[in-house]
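Throughout, a chain's letter reflects where its sequence line sits, starting with A, and its residues are numbered from 1. Worth knowing before you read on, the calculation uses all heavy atoms, side chains too, and leaves out hydrogens, waters and symmetry mates.
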Amino acid sequence: MTAFGPLLYNSVSHKVEPLPGGDVGLYVCGVTPYDTSHLGHAFTYVVFDVLVRYLRFLGRRVTYVQNVTDIDDDVLLRANKTGRDWKELGDEEYAGFRQQMSRLGNLDPDVAPRATDHMPEIQQIVERLIDKDVAYENKHSVYFDVKKDPKFGRLFNHSYDSMLQIANERGNFPADPLKRDPLDFVLWQGQKDGEPAWDSPWGPGRPGWHIECSAMAMKYLGETITIHGGGEDLVFPHHDAEIAQSENYTGVLFVHHWLHAAMVYCGEHKMSKSLGNMVFVRELIDDSSPDAVRLHLLSHHYREPWDQPLDAGVPTVELAAKLSRSLADAGDPSDAELERYRGAFLDAMANDLDTPAAIAEIERLSGSEEPAARRAAKALGQRVLGLTFAA
RNA sequence: GGCGACGUAGCCAAGUGGUUAAGGCAGGGGUUUGCAAAACCCUGAUCGCGGGUUCGAAUCCCGCCGUCGCCUCCA
């Protein structure tokens, strides 16, 4: 095995870098389950599914962890609004999410940990951050003291004002009187009326957003993980908060390689639950096929934002049908055949997961007169891109 | 600040390692013409700057400078 793997863009260095060799620990931020998953979610998780498949195809051992933040402001808010039990709502939405990801052909993560199952791990980190004087307790809540970490925000790499502005748009409460600095983020929040709570050294309460990912990532993948991924909207404050919590906790590098999937827009705005401008995965699959949707998603490079207008449908229906016609009956290639035809495909994948180019290569091979080329195309498409080519 | 493009003659612009770097417009000179116009002929580049790789760089790599675009409520 080579010492270095494929080239992947690293959000923290802003450069395309070779992935370190050896076993890969991959942590991908999962969903907060309070609403139906849309095409933007599907894009992110299909991208990381392809990454997992690709690395395993190269012979790398990958441990894929994708969490679910099942206790969070949004879940409680939605449950409250609809008069439902927060746990029941979360379980239901999460089950729906997983079902749709499976329908799309995504492999199950090796571990799918829930925030609510990791209170001891979360509290242990919070305790040590207080001991190290980078966090402070105030009236049963605990906050991370951003001024104590001069490197805070190095992933986002923006000014203090910009950080505060973005954080405020994404769940930060700058006016919280218990905070020393408006940018400080909550590690543990004391129980409010009617909210679920867990016992802690600071009284009953629940974890803040961010800390659950540090706890679960380190529990399952160790103090330094190979790849941490998620949607690009998680760069700040979520991922920078994770870095701050984890590295102040361990004293060592938290993540080698940060990977972020670009946002899918819908008309003028980012597709989002709160704006309601969503294109649903379920409907798109029903209107076409899992392969067609997957091809549609992967025909966009993962770092390139793109637009899915409402009612635009799936433009890759014809491509999916064409590939299915030429590959459905193809058998398995021999090792020699696969080796002979995989070059351009693997080159594309090694070039920062250039799935549009990889798909073009599958299409080219599928049109070949050589049965062996078609067999190779089918194997690559199935094993690396997660397509089925089912008739 | 970040990301992505791009910087080739006055202007627009081709060119993605290999003879003297296309072409168009404008400008200058000329032929033709009673004059003018039109047409035709002639005329122009240390390829943003500085390094590097190479036998060889507009072309590839690094760093600057400059221009433009994007940066949209937890995926």
Side-chain angles (χ1 to χ4, degrees), chain A residues 7 9-16 27-49 51 66-78 90 93-94 96-98 100-101 104 106 109 115 153-174 185-186 207-213 228-242 258-281 297 300-309 352:
Chain A
L7 297 172
Y9 184 83
N10 188 347
S11 308
V12 76
S13 65
H14 307 292
K15 284 179 181 160
V16 174
Y27 186 91
V28 177
C29 284
V31 288
T32 300
Y34 68 95
D35 205 338
T36 308
S37 42
H38 57 63
L39 198 64
H41 301 115
F43 183 57
T44 295
Y45 299 109
V46 165
V47 163
F48 285 104
D49 180 66
L51 175 66
Q66 185 197 118
N67 74 289
V68 51
T69 300
D70 57 350
I71 177 69
D72 185 81
D73 292 345
D74 286 316
V75 178
L76 296 177
L77 209 66
R78 176 62 62 91
E93 292 296 350
Y94 184 57
F97 165 73
R98 287 293 294 272
Q100 292 189 45
M101 293 305 105
L104 264 184
N106 284 357
R154 73 172 192 269
L155 186 59
F156 188 46
N157 201 21
H158 282 214
S159 67
Y160 178 89
D161 288 343
S162 297
M163 284 194 280
L164 189 57
Q165 183 193 332
I166 296 293
N168 292 346
E169 289 171 5
R170 299 179 183 172
N172 182 50
F173 299 107
F185 55 91
V186 66
W209 179 42
H210 313 312
I211 189 66
E212 81 287 5
C213 279
H228 190 134
E232 196 176 25
D233 51 353
L234 296 179
V235 167
F236 195 85
H238 187 56
H239 288 162
D240 263 312
E242 278 189 56
W258 283 95
L259 247 57
H260 291 99
M263 293 294 103
V264 178
Y265 295 90
C266 187
E268 274 183 52
H269 295 282
K270 181 184 136 184
M271 193 175 289
S272 88
K273 297 171 191 171
S274 49
L275 288 176
N277 58 336
M278 295 182 283
V279 174
F280 295 106
V281 183
L297 295 172
H300 301 91
H301 188 261
Y302 79 95
R303 283 199 286 129
E304 199 66 35
W306 51 282
D307 187 45
Q308 172 73 29
D352 195 23

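B:rC49 and B:rA58: their C1' atoms are spaced 14 Å apart (whole Å). Rounded to whole Å, the separation between the C1' atoms of B:rU16 and B:rA21 comes to 14 Å. Only the C1' atoms considered, B:rG10 is 26 Å distant from B:rG69, to the nearest whole Å. Nucleotides B:rC6 and B:rU53 have their C1' atoms positioned 24 Å apart, rounded to a whole Å. To the nearest whole angstrom, the two C1' atoms, one in B:rA45 and one in B:rG27, are 16 Å apart. Annotation: B:rG52 and B:rG44 have their P atoms spaced 32 Å apart (nearest Å). Taking atom P in both B:rG63 and B:rU59, the straight-line distance is 16 Å, to the nearest Å. Taking atom P on both B:rG50 and B:rA36, the two are 47 Å apart, rounded to the nearest angstrom.
At least one side-chain heavy atom of A:Trp306 sits less than 4.5 Å from a side-chain heavy atom of A:Leu297. Looking at heavy atoms from C-beta onward, A:Ser11 lies out of side-chain contact with A:Glu232 at the 4.5 angstrom threshold. Within the 4.5 Å cutoff, no side-chain heavy atoms of A:Asp70 are placed close to those of A:Val75.
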(message) Determine whether A:Leu259 and A:Val28 satisfy the following criterion, side chain to side chain contact (heavy atoms under 4.5 Å, CB included), listing intermediate values before the conclusion.
(response) CA-CA 9 Å; A:Leu259 247 57; A:Val28 177; over 6 Å; no
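Across all strands shown, B:rC64 pairs with B:rG48; the Watson-Crick or G-U wobble distances both stay below 3.5 Å. For B:rG2, the paired nucleotide is B:rC70, the pair qualifying as Watson-Crick or G-U wobble because both relevant distances are below 3.5 Å. Pairing partner, B:rA39: B:rU31, with both Watson-Crick or wobble hydrogen-bond distances short of 3.5 Å. In this structure B:rU19 sits in no base pair that meets the Watson-Crick or G-U test at under 3.5 Å. Summarising the base pairing, B:rU54 is matched to no nucleotide, lacking a Watson-Crick or G-U wobble pair whose two defining distances lie under 3.5 Å. For B:rA9, there is no paired nucleotide, since no Watson-Crick or G-U wobble pair has both relevant distances below 3.5 Å.
Rounded to whole Å, atom C1' of B:rG1 lies 12 Å from atom CD1 of A:Ile166. When rounded to the nearest whole Å, the span between CG of A:Leu164 and C1' of B:rG1 equals 16 Å. As a whole-Å value, the separation of A:Phe156 CZ from B:rC3 P is 12 Å.
Ring geometry for A:His228 against A:Tyr27 counts as tilted: the plane angle lies between 30° and 60°, on a 0 to 90° scale.
Evaluation of the ring-ring contact (aromatic ring centres under 6.0 Å, His included) rule for A:Tyr45 yields A:Phe97 as partners, not counting sequence neighbours. The side chain to side chain donor-acceptor pair (under 3.5 Å) search around A:Asp74 returns none, not counting sequence neighbours.
Heavy atoms of A:Phe97 sit nowhere under 4.0 angstrom from any nucleic acid atom.
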Strictly under 3.5 Å: I want the nitrogen or oxygen pairs between protein and nucleotides 73-75 of chain B, one per line.
residue	atom	partner	partner atom	Å
B:rC73	O2'	A:Glu169	O	2.9
B:rC74	OP1	A:Lys270	NZ	3.4
B:rC74	OP2	A:Ser274	OG	3.1
B:rC74	N3	A:Asp74	OD2	3.3
B:rC74	N4	A:Asp74	OD1	3.3
B:rC74	N4	A:Asp74	OD2	2.9
B:rA75	OP1	A:Lys273	NZ	3.1
B:rA75	O3'	A:Cys29	O	3.3
B:rA75	O3'	A:Tyr45	OH	3.2
B:rA75	O2'	A:Gly231	N	2.5
B:rA75	N6	A:Val264	O	3.2
B:rA75	N6	A:Met271	O	3.1
B:rA75	N1	A:Val264	N	3.1
B:rA75	N3	A:Gly40	O	2.8
B:rA75	N3	A:Thr44	OG1	2.8

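Here the OH atom belonging to A:Tyr34 is positioned 10.5 Å from the CG atom belonging to A:Asp73, to the nearest 0.5 angstrom.
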